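Accompanying notes for the structure given below.
Model, not experiment: these values are computed from the prediction. All residue numbers in this chain count up from 1 along the given sequence.
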Amino acid sequence: MNFNFKEIITAFMVLFAVIDIIGNIPIIIDLRRKSGHIQSEKASVIACFIMILFLFVGQSLLQFIGIDVHSFAVAGALILFFIALEMILGITLYKDDESSSTVTATVFPLAFPLIAGPGSLTTLLSLRAEFEIQNIIVAVILNMIVLYIVLKTSSKIEKLIGPTGIQIIRKVFGVILLAISVKLFAANIKMLFI
């Protein structure tokens, strides 16, 4: 196995921006209030399992449907583009159903679809078109470690950073994500015409 530090860091940053765990701290705090308790370990492990499973099965699923990875990567780049716009402009283009059972808050909506949702799953397959799979897996695991730490300390982080700090972080990661989506789009769109 050949690990590439640059690929790991890039994949980590992309996933970190898409998952937007810092920006989701207010949602996490709200879920904690509604359900009383969120199992940080369980949420992190389930999200990690879903993402790594999709990383392997997603490609076969696409081939079964008859879609190549480059087409999916272009679609993923467009989704990343719109997620980045949401983060930068502070708008909501897509709204999930916010109703959730207090019993299952750890799994739904936290692990899925908040963490391992359409954006992150599409991103995984888009990254797979460009990076080695072992580097993406390491990036996913590193993100889940960060996620676990953030879930455990979400109340303290919110008090420390404050609403303004969270907004600044969201916008910075939005710009990074926008640049990455443009790069992904440019790299894969030309492959469709070869």
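- Rounding to the nearest 0.5 angstrom, the gap separating the CD1 atom in Ile79 from the OG1 atom in Thr123 is 8.0 Å.
- Heavy-atom minimum distance, Ile8 versus Ala139: O-CB, 3.7 Å.
- Separation of atoms CG (Leu121) and CD1 (Ile50) is listed at 7.5 Å; rounding is to 0.5 Å.
- Ile115 and Ser120 get closest at one heavy-atom pair: O-OG, 2.8 Å.
- The shortest distance between side-chain heavy atoms of Leu142 and Leu15 does not fall below 4.5 Å.
- With contacts defined as side-chain heavy-atom distances shorter than 4.5 Å, the pair Phe56/Ile137 qualifies.
- Arg128 places no side-chain N or O within donor-acceptor distance of the main-chain N or O of Ile133, the cut-off being under 3.5 Å.
- The same ILVMFWY cluster, assembled from side-chain heavy atoms under 4.5 Å apart, contains both Ile145 and Val150.
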Verdict with reasoning, Val140 to Cys48, per side chain to side chain contact (heavy atoms under 4.5 Å, CB included) | CA-CA 7 Å; Val140 168; Cys48 187; 4.1 Å; yes
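- Lys190 has its side chain out of reach of His70: every pair of non-hydrogen atoms, C-beta onward, lies at least 4.5 Å apart.
- Annotation: the span from Gln59 atom CD to Leu124 atom CG amounts to 12.0 Å, rounded to 0.5 Å.
- With rounding to the nearest 0.5 Å, the separation of CG in Leu85 from CG in Leu80 is 11.0 Å.
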Decide side chain to side chain contact (heavy atoms under 4.5 Å, CB included) for Ile28 and Ile21; before the verdict, give the C-alpha distance in whole Å, the side-chain angles of both, and the deciding distance to 0.1 Å.
-> CA-CA 9 Å; Ile28 293 164; Ile21 195 63; 3.6 Å; yes
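- In this structure, Glu7 contributes its side chain and Glu132 its backbone to a donor-acceptor pair below 3.5 Å.
- To the nearest 0.5 angstrom, Glu130 atom CD is 5.0 Å from Leu184 atom CG.
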Audit row: Asn4, Phe131, side chain to side chain contact (heavy atoms under 4.5 Å, CB included) steps and yes/no | CA-CA 9 Å; Asn4 183 320; Phe131 300 142; over 6 Å; no
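- Side-chain contact between Asp68 and Leu62 is absent, with no heavy atoms from C-beta onward closer than 4.5 Å.
- Listed by first and then second residue, the ring-ring contact (aromatic ring centres under 6.0 Å, His included) pairs that reach into residues 149-182 are Phe16-Phe173, sequence neighbours excluded.
- Side-chain atoms of Ile19 and Met144, non-hydrogen and from C-beta on, do get closer than 4.5 Å to each other.
- A 4.5 Å side-chain heavy-atom check between Leu192 and Ser71 finds at least one atom pair inside the cut-off.
- The number of heavy-atom neighbours closer than 6.0 Å to CZ of Phe3, taken from other residues, nucleotides and ligands shown, is above 12.
- By the criterion of side-chain heavy atoms lying less than 4.5 angstrom apart, applied directly or through intervening Ile, Leu, Val, Met, Phe, Trp or Tyr residues, Val57 is not grouped with Leu55; the two fall into different hydrophobic clusters.
- Panel note: side chain Asn143, backbone Phe12; a donor-acceptor pair is recorded below 3.5 Å.
- Side chains of Asn135 and Phe5 form no contact here, defined as non-hydrogen atoms less than 4.5 Å apart.
- A single hydrophobic cluster is not seen to contain both Ile88 and Phe185; linkage of ILVMFWY side chains at heavy-atom distances under 4.5 Å, directly or through other members, places them apart.
- The side-chain contact (heavy atoms from CB on, under 4.5 Å) check on Lys152 picks up Ser40, Glu41, Tyr148, with sequence neighbours excluded.
- Cluster membership check: Ile169 shares its hydrophobic cluster with Leu147, using side-chain heavy-atom separations under 4.5 Å among Ile, Leu, Val, Met, Phe, Trp and Tyr.
- Cluster membership check: Ile141 shares its hydrophobic cluster with Ile149, using side-chain heavy-atom separations under 4.5 Å among Ile, Leu, Val, Met, Phe, Trp and Tyr.
- The CG atom of Leu177 lies 6.5 Å from the CD1 atom of Ile83; values are rounded to the nearest 0.5 Å.
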